[in-house]
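As the structure is a computational prediction, the values presented were derived from the model and not from experiment.
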Amino acid sequence: MATIVMERIGRVFISLQQIREVPRMLTEAAPSMPGTVMDTEVPHYFRERYVYTGYRPLYQNWRYYFLSLFQRHNETINVWTHLLAFLLFLVKFRQLAETVDFVGDPHSWPLLILILSSLTYSAFSAAAHLLGGKSELCHYTFFFLDYVGVAQYQYGSAIVHFYYAVDESLHRHVHGVFMPAATVLSCLTCLGCCYGKYCNHSRPDWVLKVCQVVPSALTVIWGSSPVAKRLMSWSSASNDAAIIYHFGQVAFFLSCAFFFTFPLLERCFPGRCDFVGHSHQMFHVFLSCCTLCQIHVCHLDFMGRRKLYSHLHGSGDAALFVGLYVVILVVCTLIVAFMLRKVKQVLDLEAKSK
C-alpha cells in the first residue's frame, strides 16, 4: 500500500515539474521576443491617457504580436476579456441552436443577428488589441474593423429590442421608421468612430472621444427605447420573468459606458493601472456581461412573447431586417475603405517628409 502511495506522489511531483517547465518552453519557443516600452517610445495616437508603460514596440514580425497574447503588456487583458467573451458567446449559440430553429423560423432571425453581431464585435476587438500595435497602418486598419464590429452590434441590439421587447403602443408609432433609423445611426457610429480615430493622428484626444461617444450614444438611446419604455411601464404585479434581466443589461451597459467615457481608475492611480485595472479593461468586462445578459433575456422574450411579436411583425419583417444588416456591413466596409485611403495619404506624406 505504501508503495502505491509513493508511486502516485512521484507522478504528481513529475507532473508539477513539467508544469513548471512551461514558461521556460515558451521562452525557448520565442527567444527573440522584446520587452515592452514606455509611452514616449510609441506614436502619441497609440497611447492611452494615464497609461505610461507596457506598450509593445512597433515593426516586429507577426509572430511576435500573436505570441504577445501570452506576454504581460497593457493590452493583454483587453485581448483576453473579449477572446473569452467570444468563446462564451459561441457556447451560448450552440446551446440555443439545440432548441431554436435558426434556419426555418424567421422570428428567430433577429436573435441570430444579435448572436452573430456579438461574435463579430468580440472577435474584431480582440484582433485590434492584439495586432493593432504592429505599425501605424495596422493600428488604423484593425481599429477601424473594431468600429465596424461596434456598429453592427448596435444594430443587432436594436433589432432584438424592437422585435421582441417592444409593446403595441410604441410599435404603432415607430414601426415604419425604427429599423431604418437604427440602420442609419449604426452607420454614423462607424463613420464617427473612424473619423475620430483619423483625426486623433493630429488632434487632441477629446476629438476622438466626442466622435465616438455622440453617435454611439444616439444609436444606443434609439435602439434601447423599447426596453426603456417596457421598464418604465413595469409594475411589481406583472408576471414578467425577463424583466430582471432587462434591468441587468441596462445596469451592465451603464457601467461599461461610464468606464469607456471616464478613465477614472488610471486617472486616480496614474502609472499603477498600466497592466491591470485601467478603465478600458473594465469596459470590456461590463460590455461582455451586458451582451450575455442581453442574449439570455432576448431568448426569454423569444420564447415567452411569441404571440405578441408574431402579431406585431409581418411575415416579411424579419427578412427585411436581415437585409438591413447586410446593408450595414456593406456601408461600414465602404467607410473603412474610404478612411483607410485617407490614412495612407497622411502616412505617405509623413514618410516623404522624413
Side-chain angles (χ1 to χ4, degrees), residues 16-87 122-147 149 197 200-202 204-205 208-209 259-260 263-285 287-288 343 346-347 350-351 354:
L16 290 174
Q17 282 186 319
Q18 291 173 340
I19 292 172
R20 291 175 62 185
E21 289 294 312
V22 170
R24 183 185 62 79
M25 293 167 62
L26 286 174
T27 303
E28 290 177 356
S32 60
M33 286 185 68
T36 57
V37 298
M38 300 289 292
D39 59 339
T40 54
E41 299 177 65
V42 298
H44 69 90
Y45 48 90
F46 278 55
R47 305 171 194 168
E48 293 289 336
R49 288 181 294 173
Y50 311 109
V51 176
Y52 304 130
T53 62
Y55 295 90
R56 290 166 295 171
L58 279 67
Y59 310 121
Q60 307 300 312
N61 56 44
W62 284 107
R63 180 169 169 266
Y64 163 70
Y65 295 99
F66 280 107
L67 288 176
S68 70
L69 181 64
F70 307 102
Q71 185 187 27
R72 182 175 178 266
H73 53 82
N74 59 27
E75 293 282 22
T76 304
I77 294 180
N78 286 332
V79 177
W80 277 104
T81 47
H82 272 172
L83 189 60
L84 292 175
F86 175 86
L87 297 176
S122 55
F124 283 6
S125 174
H129 288 287
L130 180 64
L131 304 174
K134 178 173 171 53
S135 67
E136 290 90 342
L137 184 59
C138 287
H139 182 78
Y140 283 105
T141 301
F142 283 108
F143 277 98
F144 284 175
L145 288 177
D146 187 20
Y147 302 146
K197 190 70 173 176
N200 191 233
H201 186 274
S202 56
D205 290 340
L208 171 62
K209 281 296 182 184
F259 282 109
F260 179 80
L264 179 65
L265 298 175
E266 58 267 39
R267 186 172 187 173
C268 293
F269 308 100
R272 298 182 181 180
C273 302
D274 293 357
F275 296 97
V276 179
H278 63 75
S279 296
H280 201 82
Q281 296 170 357
M282 303 302 297
F283 162 70
H284 275 207
V285 171
L287 180 59
S288 301
V343 166
V346 171
L347 296 178
E350 286 187 351
K354 290 181 180 179

Query raised in the report: So which heavy atom on H82 is nearest to which on S125, and how close?
Result: ND1-OG, 2.7 Å

Query - Whether W62 and F142 hold their rings parallel, tilted or perpendicular, with breakpoints at 30° and 60° - result: perpendicular

Report task. Kindly say whether L69 contributes a backbone atom to a donor-acceptor pair with the side chain of W80 at under 3.5 angstrom? Result -> yes

Report summary line: Here the gap from N74 atom CG to C273 atom SG, rounded to the nearest 0.5 Å, amounts to 12.0 Å

Query raised in the report: Are any side-chain N or O atoms of H73 and backbone N or O atoms of Y55, one a donor and one an acceptor, separated by less than 3.5 Å?
Result: no

Query raised in the report: How long is the gap from NE2 on H280 to CZ on F283, to the nearest 0.5 Å?
Result: 5.5 Å

**Report entry** Close side-chain approach of T141 to F144, heavy-atom, < 4.5 Å
**Finding:** no

Query raised in the report: Checking E41 side chain against T36 main chain: does a donor-acceptor pair fall under 3.5 Å?
Result: no

Query - Interatomic spacing from OG in S288 to CZ in F86 - rounded to 0.5 Å - result: 12.5 Å

Report task. Give a yes/no verdict on a cation-pi contact between K134 and Y65, requiring under 6.0 Å between NZ or CZ and the six-membered ring centre and an angle within 45° of the axis. Result -> no

Query raised in the report: Is it true that a side-chain atom of Q71 and a backbone atom of P34 form a donor plus acceptor pair closer than 3.5 Å?
Result: yes

Query raised in the report: E266 side chain to S279 main-chain N or O, any donor-acceptor pair under 3.5 Å?
Result: yes

Report summary line: Given the options H278, M282, R272, L265 meets side-chain contact (heavy atoms from CB on, under 4.5 Å) only with M282

Query - Euclidean distance, K197 NZ relative to D146 CG, rounded to 0.5 Å - result: 9.0 Å

Query - Closest contact, heavy atoms only, P57 versus Y64 - result: CD-OH, 3.4 Å

Query raised in the report: So, the side chain of D274 versus the backbone of T53: is there a donor-acceptor pair under 3.5 Å, distance only?
Result: yes

Query - R267 side chain vs Y50 backbone, donor-acceptor pair below 3.5 Å - result: no

Query raised in the report: When you measure from the side chain of H284 to the backbone N and O of N78, does any donor-acceptor pair fall under 3.5 Å?
Result: yes

Query raised in the report: L347 versus E350: any side-chain heavy-atom pair under 4.5 Å?
Result: yes

Query raised in the report: Are any non-hydrogen side-chain atoms of F46 and L58 less than 4.5 angstrom apart?
Result: yes

Report task. Decide whether Y59 and E136 meet the rule of one side-chain donor and one side-chain acceptor closer than 3.5 Å. Result -> yes

Requested in this report: Measure the spacing between CZ of R72 and CD1 of I77 and express it to the nearest 0.5 Å.
Outcome: 9.0 Å

Query raised in the report: With a 4.5 Å limit on heavy-atom distance, are the side chains of T76 and F70 in contact?
Result: no

